[in-house]
Each structure stands twice: as structure tokens, then as C-alpha cells.
Amino acid sequence: MKKQLLTIAAMTAIVLNVHAQQQDTTKIKAKSDTTKKVAKSEPFAFGDFTWLNGNDRRHSALLDSKYFTGRVLLDVNYTASNNNPIDHTVVGSTALARDHEVEISTAAFGGDFHYDNIRASILTQFGTRATVVPRNDLSVTRGQYDLATAYRYLSEANAGYHFDVLHGINVDAGIFMSYVGLFSYYNAENWAYQPSFTSDNTPWFFNGIRVQIFVTDKFKIEPWLINGWQSYGMFNSQPGVGGQLLYRPFEWLELLTNTYYGADTQDKPGRKRFHSDNSIEVRYYKSTDKSSFINSAAFSITGDIGFEKGDGVNGFHADPIKGPAQYFASGMIYHRMVMNKGHLGWTFGGGVINNPGRYLVLYPTGDANPIPAINTGAIGSHPFTANPGDQFHGYDYSTTVDLMPNDYLTFRLEVVHRHASVPYFAGHGGVTSPDGYNTTPVPSDFTPDLVPSETRFIAALLVRF
């Protein structure tokens, strides 16, 4: 009897032990499933969005660690205009500066710090863009201390905190990249090198505070409180406000809208600016056959509409008392194909612009420069005008071929034609002086050679780690 009881007790212990192990296994599996669900719920982690125009095309970061993810970018180009300006100056572009020369457009390094919920990003900015982009910010002439010099060599410098609410909320302050105009500031992320007017004439950066609210893993709301429209400082007494709505319901679709409101005209606090930027990107084809030469095909469409009203201008309609019309209407469309196992890309597209008042048109440089110099306030002797009522219409189209050995390197060839309704691009005589050098005195009879169109060849080497 004792032996039987001992046998029953032993069998019971074995059964209980097996049951306990099964429970542990179930708990481990449940924990694993929960972990998988959490990973899948990260914002936009459900798909591969490297195909997007204006988005990082790398599938992984090489310089990654527990606390820091490094970034290194190098953008070198050679560009040649059919106008062949004698001063080698490119007019009307933020991507290009020097003509018929090998130019280092961007040399940047830095990265993203992350510890617990603390975030910080810093990326330096060297090369011609450190001069080309800050020169368009007139807010730096207000008051003392040279903001253009202080911030010139920083493309990104911000820090903030991540809150584990909804699918995440980030609060950041500093200088961060703008999304207005779809194209990224970094050409390694774009389908084309020379952006269309819509992107080239809208902000590349904002200075202020942003809040990124990831309502779901597919939808983001991002309000801004910033100094102004691509301005280090503030023109008047109120900051600019705006925000972004980003929705990616599927891997093959992105819907994007950006809005801005502010007062960005010197000494005219009553002149308000409104701008709406809207894009759709669709990848309509993706091959499932690994032997297929064409891997994917996509297109992007962007439309911008905006205006300034008050203190002498009247938005979309001219008024004999309130002033002439002053608005911005533009659009662009691009098509992209990726081929040969992701190693070859072909893009074609272009856009149009209408900007009465020219309040967003990039100003020519040299003797045609209307931007007051810091401290002296000097401008060119033949400045390009941007008075209320001055008209500006333009269009552009381009084709681009990319050779991409891997995710981190791109060899790019591009041909782009641009046209304006007024003399705007640098002609053969250039915009500097009779011989093209800025050390040569400018005689009274010298006139900057501006022409209405140009065709440009661009070769670029783009590296991003």
C-alpha cells in the first residue's frame, strides 16, 4: 500500500512538474508575442519606405550602437550650364553654387544620441551649402550678433524627450529639417539632384520647437512653434506656427500635408503669410520575381498654395486700395523606376511655379543681389526686384540616372532645363564683374547678365553612412 501511495505521489509530482513547465512555456511564448506586437507597433515600422522620394534609402545604419547612431554625408558635384557664365556662378538654386567646377556641396558628420527617453541630434554642415542656404535668411540682419555665422555650420542641432504615450510623443527644440516641398535637404535621399521650384523655394530648415505625436503606427501629427519661414531669427513680434500630417496606411502609399502661418516681412507685422504644401507618393509596381529587371516603379505629386496679405499686398486678388495680388502656386510631379536588383534608378519629372511679388523666389547673387549685406546693408547696383506686383512664372523638367552599388553610395547623372518669365539665370556675362572676379571694380555701365532659361548637366557623387 505504501509503495502504491509513493508511486501515485511520484506520478502526481511528474504531472505537476510537466504542467508547470507548460505554463512557463506558455508565459514565455506570450511574452515573446507581446514583444513582437510592441515591435510591430513602432511608428512606420510595418513596411519598407526606402522607396520614397525625400526619404532615407538605407535599410540599416552602419554606424549604430546602443547610445549613438552616427551619420556621415558627402555630396560632391560637377555642373555645367549651356550659358557658360564667366564667373562660374549658379543663380536660382540651393543645391548648386559653382559652375564648371568640382564642388563640395555638403560634407556633414554627426548623428543621433539616445539614452532611455532622452534624444539629441546634431549634424554639421560644411561645403558650399553652408553659404548658399543661410544667405537667403534676412532675419540675421536684425540686431546684434551674427546668427548666419553662429548657425552656418549646423544643419541639425536639436534635443528632446520621448514620452511613451499612444505610439510615442517626441518633444524637440533646436534646428531641424523642414518637410515643406517633399524633397529632402540631403540629395542622397532624393530622386533628383536639382529640386523643382516647389522645393527649392520653400524652407530647408526650421528653428524652434516641434512635437511629434504618433497617434498610430501609421499616422503622425506634428505641430510647430518656430522663429519663422526658414529664418534663424524672427522678423516681427510673433513666432510662426504650423504643422505636418503624415499618413502611411500601406507600404506603397504616403499622404503628406504641411501648413504654415506667420509674419515674415521686415517692418511689416501686419503682412501675414499662409502656406499649404501637399504631397502624395505611390509605389504602383513592385516585382515579386527576383529575376525581373524592373524592380519597382513609383510617382510623387506635390502641390503648394499660399499667399501674403496685409501691409500693401492682397493675397490672390489685386485691390486698388489693399494692394496687388501676392501669392504662391506651384506643383511638381516625378516618376521613378528602380532596376537591376536595386542598382539602377531612372527618374524624370518637373514642375511649374507662379509667384507674384516674388516673395519666395531665390534671389540672384553678385551685382544682381537685392539682399542687404550684414552690418553695411549694401546691395548690388542692379538688384533683382521683388516688389509687390512683380511677376514671376517658371517651369522646369529633368531626367536623372542613378548607379547605386549599395545603400550607401550613389553615382548620379542629370540633365535639367529651367525657364522663367523674366531674366533670372546667369548668362555668359555672369553676375559679378566684367571679367567674373569679385576683386575687379564694377564699372557704372556693367549690367549683370541675366537670361530667362538654362539647360544644365549635373554629375554627382553621393555618400551616406
(Q) Please give me the minimum heavy-atom distance between Pro85 and Gly430, naming the atom from each residue. (A) CB-CA, 4.3 Å
Q) What class does the angle between the rings of His275 and Phe328 fall in, given that below 30° is parallel, 30 to 60° is tilted and above 60° is perpendicular? A) tilted
Q) Do Glu414 side-chain atoms and Gln194 backbone N/O form a donor-acceptor pair below 3.5 Å? A) yes
Q. Quick one: are Pro203 and Tyr260 in side-chain contact, heavy atoms under 4.5 Å?
A. no
Q) So do the side chains of Pro195 and Trp204 get within less than 4.5 Å of each other, counting heavy atoms only? A) yes
Q) Between atom CD1 of Ile118 and atom OH of Tyr161, what is the distance when rounded to the nearest 0.5 Å? A) 7.0 Å
Q.
Less than 4.5 Å apart, side chain to side chain, heavy atoms only: is that true for Asn201 and Val361?
A. yes
Q.
Taking CD1 in Ile104 as the centre, count heavy atoms belonging to other residues, nucleotides or ligands within less than 6.0 Å. Is the count above 12?
A. no
Q) Do the rings of Phe113 and Phe68 sit parallel, tilted or perpendicular, given the 30° and 60° boundaries? A) tilted
Q | Pair Phe274 and Phe307, ring centroids less than 6.0 Å apart | A | yes
Q. More than 12 non-hydrogen atoms from neighbouring residues, nucleotides or ligands closer than 6.0 Å to OH on Tyr153, yes or no?
A. no
(Q) For a 4.5 angstrom cut-off between non-hydrogen side-chain atoms, does Asp390 reach Pro324? (A) no
**Q.** Expected output: side-chain Arg71 to main-chain Asp112 donor-acceptor under 3.5 Å
**A.** no
**Q.** Straight-line distance of Phe126 CZ to Leu73 CG, nearest 0.5 Å
**A.** 13.0 Å
Q. How many angstroms lie between CG in Leu96 and OH in Tyr193, if you round to the nearest 0.5 Å?
A. 5.5 Å
Q) Would you say the side-chain atoms of Asn53 pair up with the backbone N or O of Trp191, donor to acceptor, closer than 3.5 Å? A) yes
Q: Look at the rings of Tyr363 and Phe384 and say which category their plane angle falls in: under 30° parallel, 30 to 60° tilted, over 60° perpendicular.
A: tilted
(Q) Whether Arg152 and Asp146 form a salt bridge (side-chain N of Lys/Arg under 4.0 Å from carboxylate O of Asp/Glu) is what I want to check. (A) no
Q | Phe425 six-ring centre to Arg418 NZ/CZ under 6.0 Å and within 45° of normal | A | no
Q. Are any side-chain N or O atoms of Arg412 and backbone N or O atoms of Leu461, one a donor and one an acceptor, separated by less than 3.5 Å?
A. no
Q: Assert yes or no for the condition that the ring centre distance of Phe205 to Tyr151 is strictly below 6.0 Å.
A: no
**Q.** Phe219, CZ atom: more than 12 neighbouring heavy atoms under 6.0 Å
**A.** yes
(Q) Using the rule given for side chain to side chain donor-acceptor pair (under 3.5 Å), can you reason through Asp407 versus His59, listing the C-alpha separation, both sets of side-chain angles and the distance that settles it, and then say yes or no? (A) CA-CA 7 Å; Asp407 285 356; His59 290 83; 2.8 Å; yes
Q.
Under a 3.5 Å distance rule, please check whether Ser184 uses its side chain to pair with a backbone N or O of Tyr186 as donor and acceptor.
A. yes
(Q) Please find the pair of heavy atoms, one from Asp172 and one from Gly160, that lie closest to each other, and give the distance. (A) OD1-CA, 3.5 Å
Q) For the residue pair Phe214 and His162, is the inter-centroid distance of their aromatic rings smaller than 6.0 Å? A) no
Q.
Tell me whether Glu281 contacts the main-chain N or O of Leu52 through its side chain, where contact means a donor paired with an acceptor under 3.5 Å.
A. no
Q: Would you name the heavy atoms of Ala459 and Leu413 that are closest together and state the gap between them?
A: CB-CD2, 3.8 Å
Q: Over 60° means perpendicular and under 30° means parallel, so classify the ring planes of His100 and His88, tilted if in between.
A: tilted
(Q) Under a 4.0 Å threshold between the charged nitrogen and the carboxylate oxygen, would Arg456 count as salt-bridged to Asp396? (A) no
Q: Looking only at non-hydrogen atoms, find the nearest pair between Ser196 and Met332 and report the distance.
A: CB-SD, 3.7 Å
Q: State, to 0.1 Å, how close Val442 and Ser433 come at their nearest heavy-atom pair, and which atoms those are.
A: CG2-CB, 4.4 Å
(Q) So Gln230 and Asp264, do their side chains get closer than 4.5 Å, heavy atoms only? (A) no
Q | Sub-4.5 Å side-chain heavy-atom contact between Ser93 and Asp200 | A | yes
**Q.** Phe250 six-ring centre to Lys286 NZ/CZ under 6.0 Å and within 45° of normal
**A.** no
Q.
Using the side-chain contact (heavy atoms from CB on, under 4.5 Å) definition, which of the options Leu256, Thr202, Asn278, Asp277 pairs with Thr302?
A. Asp277
(Q) Counting neighbours of NZ on Lys218 that are heavy atoms of other residues, nucleotides or ligands and sit closer than 6.0 Å, is the number greater than 12? (A) yes
Q.
Is there a side chain to side chain donor-acceptor pair (under 3.5 Å) between Asp304 and Ser330? Walk through the geometry before answering.
A. CA-CA 5 Å; Asp304 280 33; Ser330 72; 4.7 Å; no
Q) In this structure, are over 12 heavy atoms from other groups packed under 6.0 Å from Lys309 atom NZ? A) no
Q: Would you confirm whether Arg273, through its side chain, and Trp229, through its main-chain N or O, come within 3.5 Å as a donor-acceptor pair?
A: no
Q) What is the distance from atom CZ of Phe197 to atom CD1 of Ile353, rounded to the nearest 0.5 Å? A) 6.0 Å
(Q) Under the criterion side chain to side chain contact (heavy atoms under 4.5 Å, CB included), I'd like the reasoning laid out for Trp224 against Thr259: C-alpha separation, chi angles, the key distance, then a yes or no. (A) CA-CA 10 Å; Trp224 311 323; Thr259 306; over 6 Å; no
Q. Can you list the steps and then say if Asn369 with Arg135 is a side chain to side chain donor-acceptor pair (under 3.5 Å)?
A. CA-CA 11 Å; Asn369 186 8; Arg135 76 170 284 274; 3.1 Å; yes
Q.
Students often mix this up, so state it plainly: with edges at 30° and 60°, are the rings of His419 and His417 parallel, tilted or perpendicular?
A. parallel
Q) Does the side chain of Tyr185 pick up a donor-acceptor pair with the side chain of Gln125 at under 3.5 Å? A) yes
(Q) Let me confirm one number: the OH-CZ distance from Tyr334 to Phe183, rounded to the nearest 0.5 Å. (A) 4.0 Å
Q: Kindly indicate, with the supporting measurements, whether the criterion side chain to side chain contact (heavy atoms under 4.5 Å, CB included) is fulfilled by Glu454 and Asn82.
A: CA-CA 6 Å; Glu454 70 169 15; Asn82 68 309; 4.0 Å; yes
Q) Do Asp137 side-chain atoms and Tyr232 backbone N/O form a donor-acceptor pair below 3.5 Å? A) yes
Q. Strictly by modelled atom types, are Arg336 and Thr347 linked by a side-chain donor-acceptor pair under 3.5 Å?
A. yes
Q) So do Val90 and Val132 actually touch side chain to side chain, heavy atoms under 4.5 Å? A) no
Q: Provide the closest heavy-atom pair for Ala95 versus Asn187 in the form atom of the first, atom of the second, distance.
A: CB-ND2, 4.2 Å
Q) With no hydrogens and no angle check, is any side-chain donor or acceptor of Asn355 less than 3.5 Å from a backbone partner on Phe392? A) no
Q) Is the backbone of Gly342 close enough, under 3.5 Å, to the side chain of Asn295 for a donor and an acceptor to pair up by distance? A) yes
Q) Picking from Phe348, Phe299, Tyr397, what satisfies ring pair (Phe, Tyr, Trp, His ring centres under 6.0 Å) with His335? A) Phe348
Q) Rounded to the nearest 0.5 Å, what separation is found between the CD atom of Gln238 and the CG atom of Asn227? A) 12.5 Å
Q | Beyond-backbone contact of Thr216 with Tyr247, side-chain heavy atoms, under 4.5 angstrom | A | no
